[in-house]
Structure formats: C-alpha cells, structure tokens
Amino acid sequence: MTQEPSEQPTDQPSEQPVDLGLLPLTSSVAADGRLSVGGVDLVDLAEEYGTPLFVYDEEHLRARCREALSSWGDGVAYATKAFLCKAMARLAHEEGMSLDVSTGGELHVALEAGVPAEKLVFHGNNKSPAELRSALSVGVGRVVVDSFDEIDRIETLLRGGTSSGHRLPVPTVLVRVTPGVEAHTHEFVRTGQEDSKFGFGLASGAAALAVERLRSSGLVNLAGIHAHIGSQVFRVESFAEEVEVLAGFFVPLGLDEMVIGGGLGVAYVAGEAAPTISQWAATVHDAARRSGIPSSVRITAEPGRSIVAGAGLTLYRVGTIKDLPGIRTYVAVDGGMSDNPRPVLYSSGYEAFLPRAVSASRPRAARVVGKHCESGDVLVADARVPRDLAVGDILATPVTGAYGYSMASNYNRVPRPAVVFVADGDARTVVRRESSADLVRLDV
Ligand code: LLP
C-alpha cells in the first residue's frame, strides 16, 4: 500500500526547492517544472535507461577540466579515483589534463582509453613490483615515490631491465612528502598529517633522506616533490599553509616541480559554498610567491572531486514509502550504499529532489534509504521532499559525480548502475548496467 510521507513542522528555509546551484551546469527547468540536463529530460532518461542511473553533464565535466588547465597550467592532473571509465579518461585527456592513477587498475583503464603514458602520474603507497614494472615499461610521465621500499623496488627494476633484456626508460619521479598540515576535513580523507601511511615525513627527516637517495642513485630523474593534505577541503588557506611549509624544504633543493595534490571541497547541500578551482590556484600561487618559490617552478595540482562531483547526479525510482507515525518517514529507492557508500562511510549529507517537479517546495521530512539488508543503508538521512512524492517517482540526488560510481560495490549482489553522459540533447551510455550474468562472471 502506498503511504504518503507525514508532514512534520520544519524551518521555512528547508522547505525551499532544491538549490539550482547544486545541479549540473546545463540544467534547465521547463515550464512544467521538469528538469533537463544536457538538453535531455531526466524522467524520460530514467524511463529509457532504467534506474539507478548515474547521469553526467558532459559540458560541466569539460568546463571544469578547462578551468583546471587554465588555472594551473600544463601538468595539472585529473585524479581518476574520483570517477574513472574509459570515456572519462578520454574526456580529461581531450581537454588537455594529465591523469593521476593510483593503482595498476587505474593505470590499465587510462591506457585502454588511449591516454598516452606520458600524460599519467602514477601514485600509490604500496605499489607492487608488477604495478611498478607496468608503469615503468610503458613510460608513465611521473612516478610519485612514496616509501623507501618503493625506492628499492624501482632501483631493482631499473638495474634488472625488462624480461626481454631491454633497459627500462629512466623514470621522472616526484617525492611524496607529508607536510604535517592538518586539513579541516573528515579524518578518513585527511592525509597531510605526520601520522600517515602516505609519503615521507618532513619533520622526521625521511623526506630529505628520500631526496638524497634518489639523487645519488643516478637511476631516476628527480623532478620535484608532491604532497596532498586531504580531501573535501573548503578552506583554501589550508593549501597556502601547505605551500609555506613545503617551501622551506623545497626551495633549497633547487628542483623544478611541486604538486600540491587534490582536495578542493565541493558544495553537497544548500548553504555550503566552496571556492572555485581558479580561486584555489590563485591562493596557492600567491603563497608560492610569498614563500620564495622561484617563478620558474611548475606548481600544479590533481583535482578529482572538484572536476566531477557537481557534474553528476543519480536517478533512483521510489519503491516503498513507510510512514512511522511520530518517528519518521522512510522513502526507499532501488539503489543505496552499493552506488553511494559516502553517507555510510563519512556521514556525508546529500539533497533529494524530484526531476518532475524541480521547483516544488519540499515541506516533508523523510529519510531516503536504499534496498540493502542493513539499517545503515542510508542515502539522505534528513531529506526534504515535495508533498506529493509517491511510489514510482523518479528521485534524484545531486552532486554524486565523485566517489559514487568509483566506490560502488555489488553488495547484496545488486548490479552496479549504468553511467550515461548527456550533451546537446543526446545521451550515450559510457558504462553499461551490470546484468545478472555479470554477477556470476567471476564464479568458477
Ligand atoms: N591526489 C591524491 C594523492 C589523493 O590521494 C587524492 C584523493 C586526490 C589527489 C584527489 O582528491 P580530491 O580532489 O578528489 O579531493 N573517498 C573519499 C575521498 C578520498 C580521497 C582520496 N584521495 C570521499 O568520498 O570523500
């Protein structure tokens, strides 16, 4: 039986329709209140492609890549961990970005997409000998060296050559430094502090030792240093602090490159305001100048979230509405923690709205949940929904373009959604929906 969500008293502002600023760049609302992105009506799209469905505004993705390139210059890398498939790798490459890959898997996808190896930056705190061998033999543009064990492995590989007896090309490397700057963000996505599994500590002297070893081996081309302080960082001042701390170490080395990592935050819910990519770059460049870093040094970054988050949204179909009088209303959709684990992992907030009625006020409080077999399977803990929300409706969560599909799972053997790119009135599937056959394809 269909139940309507109960009406609960709320503050006036939260009844507001979804903030259009949270929607992809080419969003437009028709006279009847329906939302199109890239010239494609989202309710029609859901009918045609099924749900759950990840939808990306291609123009939005390209605009962010262009902004990154014009703000940071050549060498700025898209952090593929935020969202990677062949189409995304190609798009970032077409727009002139390099790509940050942090595993052999990401490396493989980028190469399969046709991205030239020299445009790839290879990361990882525990790169296996096999991963390193692949990266070195294809000739990735940069290897970000993360540990003394990795230096040993790289040197062994370079001394040994390839299985066919050829010498591996001399890699250009950056030393990953942990600057001891604590970004104001969730503990799990904070990485710049001293107590970290990533990189070489500055304060302990490990970073200086790593530079020394790489320089004296003569086996690699040491181009510079790299650091990353965390993710979903709203205060650009944290990045300025990072640069100031790094400068004291970096300037005397006389190296050519500094990469300050990714981490720029994005707004997920109404009321949040994030700096733009250009503001982020300007702040960092100012800090670099103030800190005495020569203007000849290439300072770049590797944004992930800020490129893709806002370009994407997820469409679900509402299947069940359960009104628990005096407690709350549960609105269950056909996806959940398998397509967006962020609320469960980081208590991340999202909004929900109906693409058929974008401008509708949202007087009702509801908890949007998934279809997985656990109570923690929450997508939007405190959603606001229109009065007439009903079973069968298409419900959307905006700003799901980063770390949604890339962290998706098959929990409860739920097939992963399809991903479509929309542009100029057309939709194209870039990742097909998993089928029941896919769910057993690895079983032997
Ligand atoms: N560079 C390095 C070395 C990184 O570790 C990361 C993210 C990035 C760049 C890109 O950061 P972004 O611009 O996307 O913030 N799963 C978490 C985020 C983990 C980020 C890990 N590293 C989440 O869903 O919030």
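In listed order, ligands and their atoms are each counted from 1. Remember, predicted model here, so these are calculated numbers, not experimental data.
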When you look for heavy atoms under 4.0 Å from ligand 1, do you find them on the side chain of [X], its backbone, both, or neither?
{"X": "E302", "answer": "both"}
{"X": "P303", "answer": "backbone"}
{"X": "F198", "answer": "neither"}
{"X": "D100", "answer": "side chain"}

Problem - Among L91, V431, D426, the one residue meeting side chain to side chain contact (heavy atoms under 4.5 Å, CB included) with F421 - result: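 Running side chain to side chain contact (heavy atoms under 4.5 Å, CB included) over L91, V431, D426 with F421 returns exactly one hit, L91.
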Problem - Among L313, V419, T400, V40, the one residue meeting side chain to side chain contact (heavy atoms under 4.5 Å, CB included) with V55 - result: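 The option that passes is L313.
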Can a salt bridge be assigned to the pair [X] and [Y] using a cut-off of 4.0 Å between side-chain N and carboxylate O?
{"X": "R64", "Y": "E67", "value": "yes"}
{"X": "E351", "Y": "R384", "value": "no"}
{"X": "E15", "Y": "R364", "value": "no"}
{"X": "K127", "Y": "D149", "value": "no"}

Quick check: does [X] get an N/O under 3.5 Å from an N/O on ligand 1?
{"X": "Y346", "value": "yes"}
{"X": "G304", "value": "yes"}
{"X": "Y403", "value": "yes"}

Problem - All pairs passing side chain to side chain donor-acceptor pair (under 3.5 Å) where residues 98-111 contributes a residue, at least two apart - result: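 Those involving residues 98-111 are T80-E106, S102-E106.
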Problem - Atoms in ligand 1 with a heavy atom of M407 nearer than 4.0 Å - result: 16 (N), 24 (O)
Exercise for the section: State the atoms of ligand 1, each with its element, that fall below the 4.0 Å cut-off from a heavy-atom position in A79. Expected result: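 Close to A79: 8 (C), 9 (C), 10 (C).
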Exercise for the section: Can you figure out which of G230, G124, G263 has its heavy atom closest to atom 11 (O) of ligand 1? Expected result: G263
Practice task
Going by heavy-atom distance to atom 25 (O) of ligand 1, choose the closest among Q232, R305, R176.
Solution key: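 Shortest heavy-atom distance from atom 25 (O) of ligand 1: R305.
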Counting only pairs under 3.5 Å, give me each side-chain donor-acceptor contact of residues 115-125, with atom names and distances, residues two or more places apart or in other chains.
unit_1: H123; atom_1: NE2; unit_2: E302; atom_2: OE1; d: 3.1
unit_1: H123; atom_1: NE2; unit_2: E302; atom_2: OE2; d: 3.0

